[in-house]
Amino acid sequence: MILDCAVIGGGPAGLNAALVLGRSRRKTILFDDNTPRNAVTSESHGFITRDGIHPQEFKRIAQEELGRYPDVRIERQRVHRINKENNLFQVETENGEVYSAKKIILATGFKEVLPDIPRVKEFYGKSLFSCPFCDGWELRDRPLAVIAEDQKAFHMAKVVSNWTSDLIIFTNGRKVLSLEEQELLKNNGISINEKKISSLIGKEGMLGKIQLEDGTSVLREGGFITAEWKQAASFDSLDYTLNEQGGITTDNWQRTNTEGLYACGDTRIAGPSQLIIAAGEGSMAAIAVNAALIEEKFSQEK
């Protein structure tokens with residue numbers, strides 16, 4: 001059997017893509033190895049009717065809904081390699097199984113590389129987060145930190161100041177803010193600390209203070225951290241280009257520069273990382289796949 005589409009990745013983008021494909025009567029397999037980026041998250045926010053849901057519960061409901069559509073199958077394994085041969089893609093899994101598909105939707109997302117700060121992983125996803133629009137409400141009006149070692153520090157601080165008036169930027173020993181940026185931040189009540197961080201202090205994932213190398217500490221009850229983004233999976237045999245952030249470049253229809261290959265959600269690293277945006281992009285990718293298959297059908301009948 002030749003699949004109409006193979007969807008690689010079972011997050012909100014891949015799930016929504018599979019849903020739209022299933023409703024379009026397209027033979028689809030969704031590959032999901034269940035290693036989500038938000039595994040440390042206990043609540044997901046900003047998705048209407050699902051605000052505050054646990055990510056695994058979100059996935060359970062989505063997979064249950066996909067079960068209504070006989071043309072959609074979920075394979076719980078990792079895709080190892082994808083090759084394009086003539087007009088078909090060959091999808092090889094880690095178990096050595098090979099599937100043929102007319103179209104591919106990459107929805108593998110990205111992984112975050114956190115700054116090298118002792119104990120940072122204990123607090124990430126509990127009181128330190130990466131997306132203010134996802135978690136800013138829960139931290140509102142508290143003394144917060146922005147931990148950023150790169151050029152994203154200035155933008156992140158401006159955004160986070162929307163939720164608190166008690167904010168300090170920690171650059172962990174790096175000089176990443178221009179004099180003009182420092183002036184603007186200070187004029188808006190945002191403090192800057194450029195000392196190196198020796199450790200984060202707190203209990204059960206809840207930040208209490210930030211310990212600095214000079215022996216001083218600063219009380220903080222949470223905050224946001226900028227991370228380096230990398231593709232969660234890469235397929236060297238496919239010809240696609242990456243943007244400046246490391247995301248796969250697409251057009252407005254989620255099409256890459258390879259015919260038949262689409263990308264959506266965090267895989268694109270093209271803007272805010274939210275469930276609802278990723279799901280919307282998955283829907284768009286599926287509609288684009290559908291449109292292409294329909295056009296191919298009618299062109300063959302000429």
Side-chain angles (χ1 to χ4, degrees), residues 37-43 45 110-232 244-246 266 269 271-274:
R37 179 177 66 88
N38 62 1
V40 298
T41 304
S42 60
E43 293 183 357
H45 297 282
F110 64 76
K111 58 184 177 182
E112 292 160 321
V113 181
L114 296 173
D116 186 17
I117 297 171
R119 298 186 64 187
V120 66
K121 290 183 179 178
E122 292 180 39
F123 302 96
Y124 191 62
K126 297 182 176 69
S127 57
L128 282 177
F129 304 94
S130 60
C131 172
F133 293 101
C134 303
D135 300 289
W137 170 258
E138 282 66 36
L139 296 180
R140 67 193 184 280
D141 298 327
R142 298 187 193 177
L144 300 183
V146 163
I147 300 174
E149 300 179 350
D150 56 24
Q151 304 306 315
K152 295 192 282 280
F154 181 60
H155 175 72
M156 178 67 89
K158 288 193 297 181
V159 175
V160 174
S161 69
N162 184 67
W163 284 272
T164 184
S165 58
D166 187 351
L167 181 62
I168 302 175
I169 300 180
F170 293 84
T171 65
N172 195 26
R174 289 172 169 78
K175 305 280 186 182
V176 296
L177 296 164
S178 69
L179 291 174
E180 183 183 3
E181 288 172 340
Q182 293 181 46
E183 194 69 24
L184 275 168
L185 293 171
K186 289 174 182 176
N187 288 343
N188 282 276
I190 300 171
S191 302
I192 301 164
N193 191 312
E194 295 181 331
K195 297 175 183 176
K196 192 160 181 61
I197 298 170
S198 62
S199 185
L200 302 177
I201 310 296
K203 293 180 181 178
E204 298 178 353
M206 305 312 294
L207 185 66
K209 59 184 178 180
I210 296 176
Q211 189 82 37
L212 303 170
E213 264 196 355
D214 65 0
T216 63
S217 61
V218 183
L219 298 177
R220 297 287 96 180
E221 294 182 11
F224 294 87
I225 192 163
T226 63
E228 183 183 351
W229 296 337
K230 292 185 177 180
Q231 290 291 324
E244 290 180 358
Q245 289 80 36
D266 287 345
I269 315 180
S273 174
Q274 278 200 306

Give me the atom names and distance for the closest heavy-atom approach of Ile201 to Ser199. CD1-OG, 3.9 Å
Is the closest side-chain heavy-atom distance between Leu139 and Phe129 below 4.5 Å? yes
Side chains of Leu128 and Leu200: does their closest heavy-atom pair fall under 4.5 Å? yes
Here the pair of heavy atoms bringing Ala227 nearest to Glu112 is CB-CB, 3.9 Å
Is the shortest side-chain heavy-atom distance between Pro115 and Ile225 below 4.5 Å? yes
Name every donor-acceptor pair, under 3.5 Å, that has one atom in a side chain of residues 202-218 and the other anywhere in the protein, sequence neighbours excluded.
residue : atom : partner : partner atom : Å
Gln211  : NE2  : Gly215  : O            : 3.2
Asp214  : OD1  : Thr216  : N            : 3.0
Asp214  : OD1  : Thr216  : OG1          : 2.6
Asp214  : OD2  : Lys195  : NZ           : 2.8

Which atom of Ser198 lies closest to which atom of Pro118, heavy atoms considered: O-CG, 3.0 Å
Give me each pair satisfying salt bridge (charged side-chain N to carboxylate O under 4.0 Å, His left out) with a member in residues 128-142, each pair once, sequence neighbours excluded. none
Ile147 CD1 to Ser130 OG distance, which is reported to the nearest 0.5 Å: 12.5 Å
Side-chain contact, heavy-atom cut-off 4.5 Å: Asp166 with Arg220? yes
Looking at Asn187, I want to see if its CG is surrounded by more than 12 non-hydrogen atoms of other residues, nucleotides or ligands under 6.0 Å. yes
Heavy atoms of Ile190 and Ser161 approach each other most closely as CD1-CB, 3.8 Å
Side chain to side chain donor-acceptor pair (under 3.5 Å) with Glu149: which of Asn172, Thr226, Thr171? Asn172
Min side-chain heavy-atom separation Val176-Glu194 under 4.5 Å: no
So, do Phe133 and Gln274 sit near enough that their side-chain heavy atoms are less than 4.5 Å apart? yes
Contact summary for Ile169 and Ala157, nearest pair of heavy atoms: CD1-CB, 3.3 Å
Carboxylate-amine/guanidinium proximity below 4.0 Å for Asp150 and Arg174: no
Please test Phe154 against Leu184 for side chain to side chain contact (heavy atoms under 4.5 Å, CB included), starting from the C-alpha separation and ending with a verdict. CA-CA 10 Å; Phe154 181 60; Leu184 275 168; 4.0 Å; yes
Closest approach of Leu185 to Lys158 (non-hydrogen atoms, all atoms of both residues): CD2-CG, 4.4 Å
Short question: side chain of Glu181, backbone of Ser178 - any donor-acceptor pair under 3.5 Å? yes
Got a donor-acceptor contact below 3.5 angstrom from the Thr164 side chain to the Leu167 backbone? no
State, yes or no, whether a side-chain contact exists between Lys230 and Phe110 at a heavy-atom distance under 4.5 Å. no
Measure the CD1-CZ distance between Ile117 and Phe170 for me, rounded to the nearest 0.5 Å. 10.0 Å
Using side-chain contact (heavy atoms from CB on, under 4.5 Å) as the criterion, list what pairs up with Pro132, not counting sequence neighbours. Met156, Val159, Val160, Trp163, Phe224
